[in-house]
Amino acid sequence: MNIAVLCSGNGTNLQAIIDSVKSGYVPAKIALVVSDNKSAFSLTRARTAGIETFVLDPKDFKTREEFDKEVVKNLKKKDVGLVVLAGFMRIISPYFIKEYKNRIINIHPALLPSFKGTRGIKDALDYGVKVTGPTAHFVDEKLDNGPIILQAAVEVKGDDTEEALSQRVHKAEHRIYPEAIKFFVEGRLKIEGRRVKIL
Ligand code: GRF
């Protein structure tokens, strides 16, 4: 199966996926890395791994849907069967979601449904939770809302800083995201309402 990874930033999750594909753990091909940020380090990671990249500047598009149409067109050209969001800092339009229904996944750095939004790690730390951790989930029309594939628990320590906790949450992301992708690619995920069965 061809997959595409959409990133805006550093791309440590992209790197974990690249490594998992290379080792054979994830039986897929990364056909395209898409970014809305031409200076994203994730693009350097992709190019170093010999993966084709596609960069779009949101300023060149009047609406979110026009931007997404261009993305979808290029995903289809590459026969992409799974869209992997990895630190992609844009909300996906209903058009995109319809075109790739139940074939878009995301990684969120908190245990959903807690701490949705862009500051999942800081919000969890500030709230004082004792356990947090990443969630791999399907993407639907609502923000950080789709059916959950995998989660991992990360303990919050008494003297944790945002940076220290981030490092441990990211480490857990790099473990569960390739695993979730592997399950999808192997056809082992079955969505039943809000629940995802792993076959
Ligand atoms: C991760 O923490 C992920 O949970 C969130 O964005 C961050 C991306 O990090 N959606 P990276 O670019 O993969 O290092």
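Order of appearance sets the numbers: ligands from 1, and atoms from 1 within every ligand.
- Annotation: ring pair (Phe, Tyr, Trp, His ring centres under 6.0 Å) contacts of F183 (sequence neighbours excluded): none.
- Atom OH of Y25 has more than 12 neighbouring heavy atoms from other residues, nucleotides or ligands inside a 6.0 Å radius.
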Test log, rule side-chain contact (heavy atoms from CB on, under 4.5 Å), inputs S35 and V33: CA-CA 7 Å; S35 183; V33 166; 5.6 Å; no

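- Protein residues having a heavy atom under 4.0 Å from any atom of ligand 1 are N10, G11, T12, N13, G87, I107, H108, P109, H170, E173, listed by chain and number.
- One finds a salt bridge joining K73 and E70 here, because a Lys/Arg side-chain nitrogen approaches an Asp/Glu carboxylate oxygen to under 4.0 Å.
- Every residue two or more places apart in sequence or in another chain that forms a side-chain contact (heavy atoms from CB on, under 4.5 Å) with K116 is listed here: L112, P113, D144, N145.
- Under the side chain to side chain donor-acceptor pair (under 3.5 Å) criterion, N2 pairs with no residue at all, not counting sequence neighbours.
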